[in-house]
Structures are given as structure tokens and as C-alpha cells.
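Down below is the structure, laid out as C-alpha cells.
Naming: A, B, ... by sequence-line order, numbering from 1 per chain. For the numbers below, each heavy atom of this structure counts, side chains included, while hydrogens, waters and symmetry mates do not.
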Number of protein chains: 2
Amino acid sequence: MAAVHPGQHKSFSLPPARERIDRAAYELFSRHGVRAVGVDAVVARAGVAKKTLYLYYPSKEKLALAFLQRREALWTQAWLQEGVNRRARRPADRLVAVFDLFDSWFHRSDYEACAFIRVLFEHDDPAHPIRKSTEDHIRTIRDFVRQLAEEARVRDPDGFARQWQIVMMGSIIAAYAGDRDAARRAKKLGVLLLADAGIRSRSRARI
Amino acid sequence: MAAVHPGQHKSFSLPPARERIDRAAYELFSRHGVRAVGVDAVVARAGVAKKTLYLYYPSKEKLALAFLQRREALWTQAWLQEGVNRRARRPADRLVAVFDLFDSWFHRSDYEACAFIRVLFEHDDPAHPIRKSTEDHIRTIRDFVRQLAEEARVRDPDGFARQWQIVMMGSIIAAYAGDRDAARRAKKLGVLLLADAGIRSRSRARI
DNA sequence: CTTCTGGTAGACTGATCGGTCTACCGGGCA
DNA sequence: TGCCCGGTAGACCGATCAGTCTACCAGAAG
């Protein structure tokens with residue numbers, strides 16, 4: 001028994017098998033949802049034996065929860081949060097930059113919409129762990145928006161963040177239903193909201 | 001062979017069996033979506049033989065399309081459109097009344113969110129007939145909003161309607177994710193939009 | 001009376017689901 | 001050399017899926 005953690009490879013990285021499973025689950029669940037994708041499809045895409053998947057995850061549900069975690073790491077944090085922080089400095093401009101990011105997202109040919117909303121709709125039982133997890137991840141996004149709102153000295157940061165997120169989610173649906181310019185329309189709404197909150201955003205003139 | 005239309009009962013009404021099927025499908029598909037509900041569940045709830053369902057509908061897909069039609073009749077027309085027309089007279093006030101209706105909807109204990117959005121997310125293939133149908137029904141709702149926007153003499157009725165629908169759909173998701181006051185927040189957004197379009201709504205003072 | 005019709009009850013098919021299990025394999029290490 | 005271990009390939013299980021089929025039944029019509 002060597003002094004390595006269980007599940008840890010000798011090269012001090014995750015076993016390639018597990019990483020391939022996580023990646024395959026991410027690609028399939030992001031695009032098609034959890035219900036529509038069977039474990040056989042995940043296993044086939046990962047190029048892995050079924051038993052290997054069940055070595056790392058005791059059930060499909062746990063795999064789905066891990067997928068939602070990964071979605072938060074890759075989408076919410078690495079893409080959305082780092083994206084807006086890179087695009088602007090002032091908090092109000094960072095808020096508006098959300099919709100600039102959305103605009104490029106909506107125009108991707110493989111636009112897959114929001115996995116959290118998609119999986120949220122797959123479970124109508126409010127007590128189901130997967131549903132509660134999606135609500136947590138949606139709340140995390142709102143917390144990020146509220147943080148920016150506080151930095152921008154908005155009057156009611158919580159109410160502002162909830163309104164902002166309504167516009168975010170609504171534009172995601174609109175884009176998925178065919179309106180690829182939904183981000184541009186959402187941006188106008190955002191600028192209106194900021195103006196109403198007494199904040200002047202630099203991006204206003206650019207519309 | 002009597003002179004009655006095929007499929008028509010002697011009492012000049014739809015056969016009770018078919019009506020029970022449609023009602024059962026409506027209740028189940030509205031709440032849980034199409035994918036999550038099996039035909040056996042529909043049949044059981046309707047108290048009908050499986051063969052009877054397949055007498056009226058050649059496949060589950062056709063049943064789902066009929067359900068979406070019924071949803072438009074009951075939700076879009078009878079509930080939403082007639083509701084706002086009853087609540088207000090001036091077009092701008094009717095627009096705002098959408099969110100008053102939403103508020104009572106969101107606070108129902110059996111709030112089921114929007115079936116069109118739910119079913120839209122169930123099908124990622126843009127060419128799938130069910131997905132195209134949901135997009136049609138979403139467009140129908142937007143047409144209704146645009147009609148009101150035109151009557152309210154809004155500058156860009158199409159753009160306005162698309163923004164209005166972004167707020168509508170976003171609030172539906174927010175409410176489903178736990179924020180039961182989403183309609184109140186959406187109403188504020190709507191009033192902002194109307195004010196920006198140069199329209200003064202009567203409901204502004206009431207917020 | 002018989003016959004036709006619209007319906008019921010439910011067995012059945014083949015596919016697919018999540019999940020388990022056996023048998024095997026190859027590289028590193030003692 | 002031989003063993004352990006992470007992994008593969010894939011058969012298998014019971015449940016459920018959409019959809020079909022047989023057998024039966026009640027009421028109205030001729």
C-alpha cells in the first residue's frame with residue numbers, strides 16, 4: 001500500500017478514466033439534459049467500461065450532481081464571472097458585460113442554453129436533490145450579480161439582482177426559442193434597470 | 001350509417017372517452033412535461049383503455065401536439081388573454097396586467113410553470129415537430145403582446161414585445177426556482193419599459 | 001333476435017432504462 | 001517470476017417505455 005490517496009494516480013493527477021467520464025457527462029448533459037441521456041451513452045462517449053463509471057459514482061443521480069458542480073466551475077465561474085471581470089472594471093459595466101458575453105454565446109451554432117434551467121424543469125418535485133442543487137446553482141449566479149450590484153452602490157442589491165437575473169434567464173429562453181438577438185434586447189433592459197437605480201453605465205452610449 | 005360525423009357522438013358532443021384522454025394528458029403533461037409521463041399514466045388517469053387512446057391518436061407525439069394546442073386554448077387564450085382584457089381597458093394597462101395575473105399564478109400551491117418552455121427544453125433538435133410547435137406557441141404569445149404594444153402606440157412594437165416576453169419568461173423561471181415574488185419584480189421592469197417607450201401606465205403609482 | 005359500434009381489460013413485443021456481475025487483461029512492483 | 005490493481009468488454013437483470021393485439025362486453029338499430 002503506497003502512500004498515495006485512494007483514487008489518486010501515481011502522476012498526482014486524476015485517473016484519465018474518471019476525467020473522461022466527467023467530460024463526457026458534461027458534454028451530453030449540458031446539451032440534452034440528464035433525463036434524455038442514458039448512462040450507456042455517457043459510457044460510450046467516455047470510451048470507458050460501465051463498471052468504471054459505477055466505480056466512481058454510485059448512481060446516475062450522483063453523476064448528475066457532479067455534472068452540475070462542474071457546470072458551475074466551467075460555466076458560472078470560468079466563463080461568466082471571469083468573462084465579465086475581464087471585459088470591464090467598473091461594477092456597473094461588469095453587470096452590462098453579462099449581456100455582451102451572452103450575445104456571443106447566443107450566436108454560437110452549438111448554443112445549448114442554461115443547463116441549470118434545463119435540469120430544473122426535469123424535476124417537478126421541489127424536494128428532489130437534483131432540483132435543489134439546480135436552485136442552489138441559480139442562487140449562486142444571483143449572488144454574483146448581487147455582489148456586483150452592491151459594489152455599484154445600487155439601492156436594493158437583492159431586489160436588483162433578482163430583476164437582473166429575470167432578464168438573464170428570460171433572454172436565455174428567448175434565444176433558445178429562436179431570437180438570437182435576445183442578448184441585445186436584454187442589454188437595453190439592463191441599462192434601463194441601472195438608470196432607474198441611479199447608476200450610469202459606460203455602455204449606455206453604445207446602444 | 002346515420003348522418004352523423006365520424007367520431008361524433010349521438011348527443012352532438014365529443015365522445016366522453018376522448019375528452020377524458022385530453023383532460024388527463026393536459027393535467028399530466030402540464031405539470032411533468034411530455035417525456036416524464038408515459039402513455040400508461042395518461043391512460044390510467046383518463047380511466048380509459050390503451051387501445052382507445054390509440055384510436056384517437058396514432059402516436060404519443062400526436063397526443064403531445066394536441067396537448068400543446070389545448071394548452072394554448074386554455075392557458076394562452078382563456079386564461080392570459082381574456083384575463084388581461086378583463087382586468088384593464090387601456091392597452092398599456094393590459095400589458096402591465098399580465099404581471100398581476102402572473103402574481104396570482106406564481107402564488108398558487110400547484111404552480112406548474114410554462115408548459116411551452118418545459119417542452120421546448122425537452123427537445124434539443126430544432127427540427128423536431130414538437131419543438132417547432134412550442135416555438136410557434138411562444139410566438140403566438142408574443143404576437144398578442146405586440147398587438148397590445150401597437151395599440152399602445154409603442155415606437156418599436158416588435159422589439160418591445162420581444163423585450164416584454166423576455167421579462168415574462170424570466171419571471172416564470174425565477175418563480176419556479178423559488179422566487180414567488182418574481183411577478184412583482186417583473187412588473188417593475190415592465191413599467192420601466194413602458195416609460196422608456198414614452199407610455200405612461202396607470203399602474204405606475206401602485207407600485 | 002342479431003348485428004354493429006365504441007369501448008374495456010390487459011397480455012404481449014421489442015427496445016431501452018439504471019444498475020450488477022463475471023471474466024479477462026496489462027503494467028508496475030516485490 | 002508472480003501477484004495486485006485499475007481497467008475493459010459485455011452479458012445479464014428487472015423495470016418501464018411506446019405501441020399492438022386478442023377477447024370480451026353493453027347498448028342501440030334493424
Side-chain angles (χ1 to χ4, degrees), chain A residues 1-25 28-29 32-67 119 122-123 125 128-130, chain B residues 1-25 28-29 32-67 119 122-123 125 128-130:
Chain A
M1 190 68 71
V4 275
H5 295 143
Q8 194 177 21
H9 216 237
K10 304 104 205 172
S11 57
F12 295 109
S13 69
L14 279 175
R18 175 165 196 166
E19 178 61 23
R20 285 207 309 276
I21 291 169
D22 290 345
R23 253 201 278 266
L28 293 173
F29 288 163
H32 310 290
V34 171
R35 283 196 119 102
V37 174
V39 290
D40 289 321
V42 176
V43 157
R45 176 158 195 138
V48 125
K50 211 170 179 180
K51 181 131 208 208
T52 307
L53 188 154
Y54 282 96
L55 177 74
Y56 294 110
Y57 297 101
S59 66
K60 189 194 181 186
E61 180 180 310
K62 298 292 184 185
L63 176 65
L65 291 171
F67 152 69
V119 179
E122 287 181 337
H123 300 87
D125 175 16
H128 194 288
I130 293 185
Chain B
M1 191 67 73
V4 276
H5 295 142
Q8 195 177 18
H9 215 239
K10 303 104 207 173
S11 58
F12 296 108
S13 69
L14 278 175
R18 176 164 195 167
E19 179 60 24
R20 285 207 309 277
I21 292 169
D22 289 345
R23 254 200 277 265
L28 292 172
F29 288 164
H32 310 289
V34 172
R35 281 197 121 102
V37 173
V39 290
D40 290 320
V42 176
V43 158
R45 177 158 195 133
V48 125
K50 211 169 180 179
K51 181 131 208 204
T52 307
L53 189 154
Y54 281 96
L55 177 75
Y56 293 110
Y57 298 101
S59 67
K60 189 193 180 185
E61 179 180 311
K62 299 293 183 185
L63 176 65
L65 291 170
F67 152 69
V119 179
E122 288 181 337
H123 300 87
D125 174 16
H128 194 289
I130 293 186

Expressed as a whole number of angstroms, how long is the span from [X]:[atom1] to [N]:[atom2]?
| X | N | atom1 | atom2 | value |
| --- | --- | --- | --- | --- |
| B:L53 | C:dT8 | CG | C1' | 14 Å |
| B:I21 | D:dG19 | CD1 | P | 14 Å |
| A:L28 | C:dG18 | CG | C1' | 16 Å |
| A:L63 | C:dC17 | CG | P | 15 Å |
| B:R45 | C:dT8 | CZ | P | 17 Å |
| B:L55 | D:dG19 | CG | C1' | 14 Å |

B:V119 side chain reached by B:F29 side chain, heavy atoms, under 4.5 Å =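 Answer no - side chains too far apart.
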
Quick one: is [N] close enough that its OP1 or OP2 comes under 4.0 Å of any side-chain N or O from [X]?
| X | N | result |
| --- | --- | --- |
| A:T52 | D:dG6 | no |
| B:R20 | C:dT8 | yes |
| A:Y56 | D:dG7 | yes |

inquiry  = I want to confirm an ordering. Mapping A:D40 and B:A49 to their closest nucleotides on DNA chain C, which one lands closer to the 5' end?
reply    =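 The residue closer to the strand's 5' end, by nearest nucleotide, is B:A49.
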
ask   = If you look only at pairs with a residue in residues 33-50 of chain A, which of them pass as a salt bridge (Lys or Arg N to Asp or Glu O under 4.0 Å), with sequence neighbours excluded?
value =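 Salt bridge (Lys or Arg N to Asp or Glu O under 4.0 Å) check on residues 33-50 of chain A returns A:E27-A:R45, A:D40-A:K50.
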
request  = Not counting sequence neighbours, list each pair that qualifies as a salt bridge (Lys or Arg N to Asp or Glu O under 4.0 Å) and has a residue in residues 55-67 of chain B.
outcome  =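 Found none.
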
Give every pair of a protein N or O atom and an N or O atom of nucleotides 20-27 of chain D that lie under 3.5 Å apart, one pair per line with the distance.
none

task = Just report the end-to-end axis angle for the helix from C:dC1-D:dG30 to C:dA30-D:dT1, five pairs per end, to 10 degrees.
result =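 It works out to 20° between the end axes.
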
query = Has the side chain of A:E122 got a donor or acceptor atom that lies under 3.5 Å from a matching backbone atom of A:V34?
reply =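 Answer holds: yes.
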
Listed partners of B:H123 passing side-chain hydrogen bond (donor to acceptor under 3.5 Å, both in side chains), at least two apart =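 None.
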
task = Check side-chain hydrogen bond (donor to acceptor under 3.5 Å, both in side chains) between B:Y54 and all other residues, then give those that pass, not counting sequence neighbours.
result =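 If we apply the side-chain hydrogen bond (donor to acceptor under 3.5 Å, both in side chains) test to B:Y54, skipping adjacent residues, there are no hits.
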
query = What nucleic acid atoms does B:V42 come within less than 4.0 Å of, heavy atoms only: base, sugar-phosphate, or nothing?
reply =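 Result for B:V42 = nothing.
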
message = Students often get this wrong, so: under 4.0 angstrom with heavy atoms, is A:V43 touching a base, only sugar-phosphate, or nothing?
response =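 Nothing, no nucleic acid heavy atom in range.
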
Please give me the minimum heavy-atom distance between [X] and [Y], naming the atom from each residue.
| X | Y | value |
| --- | --- | --- |
| A:V48 | A:V43 | O-CG1, 2.8 Å |
| B:A24 | B:V42 | CB-O, 3.7 Å |
| B:A66 | B:Y57 | CB-CE2, 3.6 Å |
| A:T52 | A:A17 | CG2-CB, 4.0 Å |

Among the candidates [options], find the nucleotide nearest to the side-chain atoms of [X].
| X | options | answer |
| --- | --- | --- |
| B:K60 | D:dA18, D:dG7, C:dG18 | D:dA18 |
| B:A17 | D:dC17, D:dG6, C:dG7 | C:dG7 |
| B:V39 | C:dG7, D:dG7, D:dA18 | D:dA18 |

